Amino acid sequence: MCMVIFAPLFAIFAFATCGGYSGGLRLSVDCVNKTESNLSIDIAFAYPFRLHQVTFEVPTCEGKERQKLALIGDSSSSAEFFVTVAVFAFLYSLAATVVYIFFQNKYRENNRGPLIDFIVTVVFSFLWLVGSSAWAKGLSDVKVATDPKEVLLLMSACKQPSNKCMAIHSPVMSSLNTSVLSEIQSAKALKKRKRVATLTGL
């Protein structure tokens with residue numbers, strides 16, 4: 001029964017930490033001509049991580065001209081798949097818990113209930129595996145694309161040694177790391193429940 005309870009809890013952590021994420025980074029460009037500098041360039045991004053749509057302006061250190069840039073990459077497909085699987089896994093685990101607790105006699109009347117439960121659990125276990133792998137890769141891409149050092153390389157002003165470009169604040173990724181770990185734990189819980197259902201008919 002603990003496995004039935006833990007599966008939806010892990011699923012909640014998975015889609016809440018990913019689907020509700022918003023972060024940002026801050027950079028500074030200190031030009032030789034101080035009036036052209038911008039010492040506080042804020043770049044915000046969030047789920048579903050369509051980073052190529054996140055635009056920002058930076059000084060070129062060549063007069064008042066500004067350079068419009070965008071982050072690199074699009075991890076929306078893996079992130080949205082991750083969250084979708086997590087939400088449906090949570091709903092199914094919740095429904096299964098209700099059946100186990102309140103309709104156990106009907107569940108045991110024939111093999112149809114356990115068989116359907118087994119098949120659905122197998123499907124979700126597979127989707128969890130695919131989702132965790134896809135999102136782990138997507139998260140890795142997000143980390144690279146939002147690394148302040150990588151973003152500074154996009155700026156023409158930072159290619160001039162006379163200008164000083166610095167990373168002031170890096171994005172906090174701890175909750176996104178938690179989302180991947182939660183999904184892996186939820187997949188393990190589903191697999192354990194599948195084995196128990198196979199052995200005991202529950």
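Worth saying up front: this structure is predicted, and the values here are computed from it rather than measured.
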So do the side chains of [X] and [Y] get within less than 4.5 Å of each other, counting heavy atoms only?
{"X": "Cys31", "Y": "Ser162", "value": "no"}
{"X": "Val122", "Y": "Phe126", "value": "no"}
{"X": "Leu127", "Y": "Phe88", "value": "no"}
{"X": "Pro59", "Y": "Arg66", "value": "yes"}
{"X": "Leu51", "Y": "Asp74", "value": "no"}
{"X": "Phe56", "Y": "Asp42", "value": "no"}
{"X": "Val58", "Y": "Asn38", "value": "no"}
{"X": "Leu154", "Y": "Ile72", "value": "yes"}

Could you state the interatomic distance from [atom1] ([X]) to [atom2] ([Y]), rounded to the nearest 0.5 Å?
{"X": "Cys61", "Y": "Lys164", "atom1": "SG", "atom2": "NZ", "value": "12.5 Å"}
{"X": "Phe45", "Y": "Thr146", "atom1": "CZ", "atom2": "OG1", "value": "4.0 Å"}
{"X": "Ser78", "Y": "Leu139", "atom1": "OG", "atom2": "CG", "value": "9.0 Å"}
{"X": "Cys158", "Y": "Leu152", "atom1": "SG", "atom2": "CG", "value": "5.0 Å"}

Legend entry - Check against side-chain contact (heavy atoms from CB on, under 4.5 Å), Leu27 and Met155: CA-CA 11 Å; Leu27 309 171; Met155 304 180 186; 3.3 Å; yes
Legend entry - Matching residue for Trp135 among Phe49, Phe81, Tyr21 - test: ring pair (Phe, Tyr, Trp, His ring centres under 6.0 Å): Phe49
Work out which heavy atom in [X] is nearest to a heavy atom in [Y]; give both atom names and the distance.
{"X": "Val54", "Y": "Ala44", "answer": "CG1-O, 3.3 Å"}
{"X": "Ser175", "Y": "Thr17", "answer": "O-CB, 3.3 Å"}
{"X": "Pro148", "Y": "Leu25", "answer": "CA-CD1, 4.0 Å"}
{"X": "Leu39", "Y": "Ser28", "answer": "O-CB, 3.4 Å"}
{"X": "Pro48", "Y": "Ala79", "answer": "O-CB, 4.1 Å"}

Inset, instruction - Decide whether Leu153 and Val144 are clustered together by the hydrophobic rule: side chain heavy atoms of Ile, Leu, Val, Met, Phe, Trp, Tyr closer than 4.5 Å, transitively. - result: no
Inset, instruction - Check whether Ile168 and Ile43 end up in the same hydrophobic cluster, where Ile, Leu, Val, Met, Phe, Trp and Tyr are linked by side-chain heavy atoms less than 4.5 Å apart. - result: no
Legend entry - Pair Asp147 + Lys143, salt bridge at N-O below 4.0 Å: no
Inset, instruction - Sorted by first residue and then second, give each side-chain hydrogen bond (donor to acceptor under 3.5 Å, both in side chains) pair with at least one member in residues 43-65; sequence neighbours left out. - result: Arg50-Glu80
Legend entry - Main-chain N/O of Ala145 paired with Glu150 side-chain donor or acceptor, under 3.5 Å: no
Inset, instruction - Measure up the Trp128 and Phe82 rings against each other and bin them: parallel (under 30°), tilted (30 to 60°), perpendicular (over 60°). - result: perpendicular
Legend entry - CG/Leu69: more than 12 non-hydrogen atoms of other groups inside 6.0 Å: yes
Inset, instruction - Count the heavy atoms of every other residue, nucleotide or ligand shown that sit under 6.0 Å from NZ of Lys34, and state whether that count exceeds 12. - result: yes
Inset, instruction - Go through the structure and list residues passing side-chain hydrogen bond (donor to acceptor under 3.5 Å, both in side chains) with Thr35, not counting sequence neighbours. - result: Asn33
